[in-house]
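My structure is below; once you've seen it, I'll send some questions.
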Amino acid sequence: MSDDWRPPGRPPADSGARFRLRQAVDALVYGLVFTLVVFGGSGVVSFALGVGWFGVELVLFFLGVSLLAYAAFQLRPAKRWDVQFEEEGYRIVRPNEDGRVVGSRDESRFQAAVQRVPPLPTLGLEPEARLSPAAKLFVAATMLLLASLGLEIVVFW
């Protein structure tokens, strides 16, 4: 067996910064595509209802705040153990021992579509090597709030 074996998607030992940069680019492109989809969808609905730019800014802001709170909640550390009280005392158990591989992630249809946006096809990151969905949602929510702020400055000031 070779000594230099690594799981797929893991960086070589000497290029950790390059690997983190690829993860950051992946997360930023995900956030940008998410923001553009929300911006376009809210624009169509808002102008169809006659609310205009105010409706777009409102959707960006409230969705951004809501998703930021949800993503922050999802990013909290998992509980490492649980305590079950019994008649003769208590027992410490590990919750959710379902045999699932640690770090394995399913790819959603939206994520699969985002992976076709340049430069992501050239990065070659497997789902396990990317940032967690909660981390990417946090980035997307931050970008929604920045887009809301930018729209506020450009249109309403």
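Scope of the values below: all heavy atoms of this structure, side chains included, with no hydrogens, waters or symmetry mates.
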Counting only N and O atoms by type, is there a donor-acceptor contact under 3.5 Å from the side chain of Ser148 to the main-chain atoms of Leu144?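 Pair absent, no side-chain N/O of Ser148 close to backbone of Leu144.
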Between Val38 and Met143, is there shared hydrophobic-cluster membership here, with clusters defined by ILVMFWY side-chain heavy atoms closer than 4.5 Å?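 Looking at the clustering, Met143 is in a separate group from Val38.
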Enumerate the ring-ring contact (aromatic ring centres under 6.0 Å, His included) contacts for residues 44-72, please, sequence neighbours excluded, ordered by first and then second residue.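 The answer is Phe47-Trp53.
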Phe34 and Leu67, any side-chain heavy atoms less than 4.5 Å apart: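 Yes; the side chains approach each other to less than 4.5 Å.
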Minimum heavy-atom separation for Ala129 and Gln23, please, with both atom names.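 Closest pair (atom of Ala129, atom of Gln23, distance): O-NE2, 2.5 Å.
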Looking at every heavy atom in both Gln74 and Ala134, which two are closest together, and how far apart are they?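 Shortest heavy-atom separation between Gln74 and Ala134 comes out as CB-CB, 3.6 Å.
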Can you establish whether the number of heavy atoms outside Arg109 located under 6.0 Å from its atom CZ is more than 12?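 12 or below, so no.
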Over all heavy atoms of both residues, which pair between Gly64 and Ala141 is shortest? Give the atoms and the distance, please.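 Shortest heavy-atom contact: O-CB, 3.6 Å.
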For residues Leu120 and Leu123, determine if any side-chain heavy atom of one lies less than 4.5 Å from a side-chain heavy atom of the other.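 A side-chain contact under 4.5 Å exists here.
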Where do Asp26 and Gln111 land on the side chain to side chain contact (heavy atoms under 4.5 Å, CB included) test, with the steps shown first? CA-CA 10 Å; Asp26 179 66; Gln111 178 64 49; 4.2 Å; yes
Is there side-chain contact between Leu149 and Leu145, with heavy atoms separated by less than 4.5 Å?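 Of all side-chain heavy-atom pairs linking Leu145 with Leu149, none is under 4.5 Å.
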More than 12 heavy atoms of other residues, nucleotides or ligands under 6.0 Å from CZ of Phe156: yes or no?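 For Phe156, atom CZ is crowded (more than 12 foreign heavy atoms under 6.0 Å).
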Can you hop from Val139 to Leu125 via hydrophobic side chains spaced under 4.5 Å?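 Val139 does not cluster with Leu125.
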Do any N or O atoms from the side chain of Arg22 and from the backbone of Phe19 form a donor-acceptor pair under 3.5 angstrom?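 Between the backbone of Phe19 and the side chain of Arg22 there is no qualifying donor-acceptor contact (under 3.5 Å).
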Closest non-hydrogen atom pair, Thr35 against Ala140: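 Minimum heavy-atom contact is OG1-O, 3.9 Å.
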Does any non-hydrogen side-chain atom of Pro119 lie less than 4.5 Å from one of Val25?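 A side-chain contact under 4.5 Å exists here.
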Membership question, hydrophobic clusters at under 4.5 Å side-chain separation (ILVMFWY): are Val114 and Leu28 in the same one?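 Shared cluster, no.
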Rounded to the nearest 0.5 Å, what separates atom OH in Tyr30 from atom CG in Leu131?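 Here the rounded value is 11.5 Å.
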Below 4.5 Å, heavy atoms only, C-beta onward: do Ser46 and Leu58 meet side chain to side chain?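 Result no, sub-4.5 Å side-chain heavy-atom pair not found.
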Indicate, with yes or no, if Phe110 and Leu60 share a hydrophobic cluster defined by side-chain heavy-atom contacts under 4.5 Å among Ile, Leu, Val, Met, Phe, Trp and Tyr.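 Hydrophobic grouping puts Leu60 with Phe110.
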Shared hydrophobic cluster, Val56 / Leu49 (ILVMFWY, side-chain heavy atoms < 4.5 Å):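 Looking at the clustering, Leu49 is in the same group as Val56.
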